[in-house]
Novice: 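Got a structure here, written out as structure tokens. Questions coming.
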Amino acid sequence: MSTLVTDPAPAGPAVPSAASRALRYALHTTRITATNVMFMLFTIILPVGMYLLFGALIGDLSDGQVRGLIMVNMAAYGGLGAAVTAGTQIQEDQRNGFLRQLIVAGLSPSSFLTGSLMAASAVIVPALVTVGLVGVLTGVEASPLNFLVTMVVLWLGLLPTILIGLVLGLLLKGGAAMAAGIVVMMAMAIFGGLWMPLETFPAWMQDLGQGLPTYWIGRLGAWALYGGELPLTGLLVIGLWTLVLGTICALSLTRAVGLKRR
């Protein structure tokens, strides 16, 4: 008695995982942002120039320690600009219909947010590292390990500023997102004490500045570079901003860009 043997049905194409889709979107966004010459110049050349200017004027105070603080603040400022601008990239993807195509093809909102965070986290690195290297080459004293820790602390601290860009991109349309990003970036840099010490401002501005993540990003960077007492208040402020902004992103993504599956 013979037995009929049939070949198994051919397997269909493998479905990309959520992590794979997030990574693909992150690579796409990173490539577009990194090849934007004006973006790279704005987020690197400007903070480097400001560091050199302020360093030449007051960098030798406190046995040169002020130069290190200027380096930290200008690196944070460059990273801030890159983070907010990269976050608003969603508006461009929404405008040209590319984001809707990705969602229809299977990109989930959570994968989109993850990919956007990964891309923005990548494009802030050149601004941080360039300012930091210029600082070391012009007199900032830091061991390789100390320099690396300082850059990592600044990089992690910039997470809520990436989310600010995403929120603006989700809630505003067209060029309004980019314009708002520039205004918010400048305001957070000034009121957060990245351009000048917060202590030189009126009392009400100091109170406002201490509620902003940018102030504590600079403080945490200074702590990483020179040591001292860890500013725990800064960790709390940055954590709260991250939690609130992350919640807004999660709640507004589907409504803002009309990505409900039909």
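The structure presented is a predicted model; accordingly, all values stated were derived computationally and were not measured.
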Novice: Measure the CD-CG distance between Gln65 and Asp60 for me, rounded to the nearest 0.5 Å.
Specialist: 13.0 Å
Novice: Restricting to non-hydrogen atoms, name the atom on Arg67 and the atom on Gly55 that form the minimum distance, rounded to 0.1 Å.
Specialist: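 Closest approach of Arg67 to Gly55: NH2-O, 3.4 Å.
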Novice: Rounded to the nearest 0.5 Å, what separates atom OG1 in Thr242 from atom CG in Leu245?
Specialist: 7.0 Å
Novice: Mind checking whether Tyr77 and Leu46 have side chains closer than 4.5 Å, heavy atoms only?
Specialist: yes
Novice: A side-chain contact here means heavy atoms from C-beta on lying under 4.5 Å apart; do Thr161 and Ile124 qualify?
Specialist: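 Side-chain contact under 4.5 Å: no.
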Novice: Would you say Val72 and Leu137 are hydrophobically clustered, going by side-chain heavy atoms of ILVMFWY under 4.5 Å?
Specialist: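 Shared cluster, no.
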Novice: Under 4.5 Å between side-chain heavy atoms, counting indirect links through other Ile/Leu/Val/Met/Phe/Trp/Tyr residues: same cluster for Leu57 and Ile70 or not?
Specialist: yes
Novice: For a 4.5 angstrom cut-off between non-hydrogen side-chain atoms, does Leu69 reach Tyr226?
Specialist: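 The answer is yes, as the side chains (C-beta and beyond) meet within the 4.5 Å cut-off.
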Novice: Between Ile238 and Leu159, is a side-chain contact (heavy atoms from CB on, under 4.5 Å) present by the stated rule, with each step listed?
Specialist: CA-CA 8 Å; Ile238 291 174; Leu159 175 59; 6.0 Å; no
Novice: Hydrophobic clusters here meaning ILVMFWY residues chained together by side-chain heavy-atom distances under 4.5 Å, can you tell me if Leu168 and Val244 are in one?
Specialist: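 Hydrophobic grouping puts Leu168 with Val244.
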Novice: Measuring from atom CH2 of Trp216 to atom CG of Leu232, what distance do you get when rounded to the nearest 0.5 angstrom?
Specialist: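 Reported to 0.5 Å precision, the distance equals 9.5 Å.
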Novice: What distance separates Ile190 CD1 from Met185 CE, expressed to the nearest 0.5 Å?
Specialist: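 Here the rounded value is 9.5 Å.
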Novice: Can you check whether Leu230 reaches Leu235 side chain to side chain, under 4.5 Å on heavy atoms?
Specialist: yes
Novice: Specify whether Trp204 and Phe191 have parallel, tilted or perpendicular ring planes, treating 30° as the upper limit for parallel and 60° as the lower limit for perpendicular.
Specialist: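 Trp204 vs Phe191 ring planes: tilted.
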Novice: Of all heavy-atom pairs between Val149 and Ala224, which one has the smallest distance, and what is that distance?
Specialist: CG1-CB, 4.1 Å
Novice: Hey, what do you get for OG1 (Thr43) to CG (Leu80), rounding to the nearest 0.5 Å?
Specialist: 11.0 Å
Novice: If two hydrophobic side chains count as joined below 4.5 Å and joins carry through other members, does Val152 share a cluster with Trp223?
Specialist: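 Linked, Val152 and Trp223 end up in one cluster.
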Novice: Using side-chain heavy atoms (C-beta onward) and a distance below 4.5 Å, is Phe201 in contact with Met196?
Specialist: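 The answer is yes; the side chains approach within 4.5 Å.
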Novice: Would you mind reporting whether Val48 and Met74 have side-chain heavy atoms less than 4.5 Å apart?
Specialist: no
Novice: Apply the test side-chain contact (heavy atoms from CB on, under 4.5 Å) to residues Leu166 and Leu117: give CA-CA distance (whole Å), side-chain angles for both, the deciding distance (0.1 Å), then the verdict.
Specialist: CA-CA 9 Å; Leu166 288 175; Leu117 287 171; 4.1 Å; yes
Novice: Indicate if Leu243 and Val237 have the same hydrophobic cluster label, given that clusters are the connected sets of ILVMFWY residues with side-chain heavy-atom separations under 4.5 angstrom.
Specialist: no
Novice: Show the nearest heavy-atom pair for residues Pro213 and Pro160, with the distance to one decimal.
Specialist: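 Nearest heavy atoms, Pro213 then Pro160: CB-CG, 4.0 Å.
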Novice: Of all the heavy-atom pairs spanning Leu194 and Thr214, show the shortest one and how long it is.
Specialist: CD2-O, 3.7 Å
Novice: If you define the side chain from C-beta out and look only at heavy atoms, does anything of Leu220 sit under 4.5 Å from Leu156?
Specialist: no
Novice: Say whether, by atom type as modelled, one donor and one acceptor occur between the side chain of Trp155 and the main chain of Ser121 under 3.5 angstrom.
Specialist: yes
Novice: Taking all non-hydrogen atoms of both residues, which atom of Gly135 and which atom of Tyr51 are closest, and how far apart?
Specialist: CA-OH, 3.3 Å
Novice: Kindly compute the distance separating CE (Met188) from OH (Tyr215), expressed to the nearest 0.5 Å.
Specialist: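 Going from CE on Met188 over to OH on Tyr215, the span is 14.0 Å.
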Novice: Does the side chain of Leu225 come within less than 4.5 Å of Met71's, by heavy atoms?
Specialist: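 With C-beta onward as the side chain, the pair touches.
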Novice: Count the heavy atoms of every other residue, nucleotide or ligand shown that sit under 6.0 Å from CD of Glu141, and state whether that count exceeds 12.
Specialist: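 No, because the 6.0 Å sphere around CD of Glu141 holds 12 heavy atoms or fewer from other groups.
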Novice: To check you understand the geometry: which heavy-atom pair defines the closest contact between Val123 and Ala82, and what is its length?
Specialist: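 Scanning both residues, the minimum pair turns out to be O-CB, 3.9 Å.
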